[in-house]
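To start, the structure under review is shown below, and the notes come after it.
Values reported hereafter were calculated over all heavy atoms of this structure, with side chains retained and with hydrogens, waters and symmetry mates removed.
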Amino acid sequence: MGTPLDGGSRVPIGCPAKLRRVTRKKVAPDLEGWLSLAKARYAMGAKSVGPLQYASHMEPQVCLHASEAQEGLQKFKVVRAGVHAPEEVGPREAGLRRRKGPTKTPEPESSEAPQDPLNWFGILVPHSLRQAQASFRDGLQLAADIASLQNRIDWGRSQLRGLQEKLKQLEPGAA
Amino acid sequence: MLEGAELYFNVDHGYLEGLVRGCKASLLTQQDYINLVQCETLEDLKIHLQTTDYGNFLANHTNPLTVSKIDTEMRKRLCGEFEYFRNHSLEPLSTFLTYMTNEFPAQEVCTPCSQTLVTMFLRVQVNFHPVKRCSYMIDNVILLMNGALQKKSVKEILGKCHPLGRFTEMEAVNIAETPSDLFNAILIETPLAPFFQDCMSENALDELNIELLRNKLYKSYLEAFYKFCKNHGDVTAEVMCPILEFEADRRAFIITLNSFGTELSKEDRETLYPTFGKLYPEGLRLLAQAEDFDQMKNVADHYGVYKPLFEAVGGSGGKTLEDVFYEREVQMNVLAFNRQFHYGVFYAYVKLKEQEIRNIVWIAECISQRHRTKINSYIPIL
């Protein structure tokens, strides 16, 4: 769907239906995740799955990476912490690598993988706790997708408003 | 063999048995649970609980009411009842109910001691009988050690410890760096001392070793409790031994299930299985080699009592193995009340009350998360 104006400028309004679908998809794993946590507390004991089991400071396992897509829109992607984002691996980076050589890359410093948060609750955790972790992981990726879609829709709306303003200005002149 | 249990039991323990049977009658009924699952908010739940034997146990709590507060208050209530039983009990029931508080007769070994004294102490302790409270003490020790790993303050964790497992040396648990420190400096005067002799091999207290320590401590405690009940004989042994055998087998199955995909080796896993129960020894040997749920199920199929339990896993209600084991445990504990003149009624009552607390907390979680599809997954008791 688009609006031809002044030489055929088209404004893709975005996909509100897709946003609703993805938002609904995000809600489901979140609900399942919290319920799975409740099930884990049922199996392990209420005090065995709670703030006592984790430190107040923790290293993130995943990071949110923002990149610029077409039309200058920001797109969000969830990446593993310590992994180089795709945009950083470009000719410049390859050039740096060529200059410094493979032995001087920062990989050894970031090779220590962050500890699996599941281990905070013990080694022999029930299946429900693993399910909760998987649900929240899925939810994270969906959250990034929703943010990207929301950006796209907001951009589309602002473009449409701009074009409608232009149209209003043109119409009295035409009359 | 009923050597006069029915003749002499009531002299010393009749009052408490009558009391515990009265407490058992006040457990929530199916109608109570039907009312609870219809609640829309935690405040509604609180109002419905006021009409039961719980009464105004949440009266002192102001908004917002949380699931954690409900759980804490119910545990305090259970602890109060248990302490009343313990304080009014005579031997050997008091030994069945409690192991050691400040008055426990081990003061002759009152300072951290050399290996020789430790050995003597352990020989003495073998004859003292570990009881129900030890399982809560083990949980508290592990909670404190985990908290030390996560650099939590002792005060924060002490508030969350199970009240039935409190002992005076608890506050010092977090300073220990190795199991030897933990034993020599802290736990030597507690009821947990005898159970440590099997757990001294781990060097450092990291997550894996704490898990191994927890399970080995619990294994030692369970074996000692079983031995005590068996040696006591009488109706107590007839009621308690099958219950404890089921507990041992359940632990073996659950440890096996939870160890799939972890760093726990098969050899380490086998050392955590209690050495009694229906599965001991052939079943445990097969279970140690299992690599997935189906192989575990094949082992269970050899036992008439466990085959139907494993077949009930999954199904339309989405029951887990823990759920079916809890159901079986409730059945056995309810049946314990069908016989008189034994100490098993006290154990059974505490276990049933714990299941009731789990049920109410589960319903409260479903209400607070507004996720009611599985709100009926509690286990009715009466």
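Using the six-membered ring where Trp is involved, Y33(B) and Y378(B) have ring planes that are parallel, under 30° apart on the 30 and 60° scheme. F136(A) and W34(A) have perpendicular rings, their planes meeting at more than 60° on a 0 to 90° scale where under 30° would count as parallel.
Checked for salt-bridge contact, K39(A) and E365(B) miss the test: no charged N lies under 4.0 Å from a carboxylate O.
Contact count against chain A (heavy-atom pairs under 4.5 Å) is highest for Q369(B) among Q369(B), R370(B), E322(B).
Contacts between S259(B) and chain A at a heavy-atom distance below 4.5 Å involve backbone atoms as well as side-chain atoms. For S68(B), the parts sitting under 4.5 Å from any heavy atom of chain A are the backbone and the side chain alike.
In summary, of the residues considered (L264(B), L257(B), N258(B)), a side-chain contact (heavy atoms from CB on, under 4.5 Å) with F260(B) occurs for L257(B) alone.
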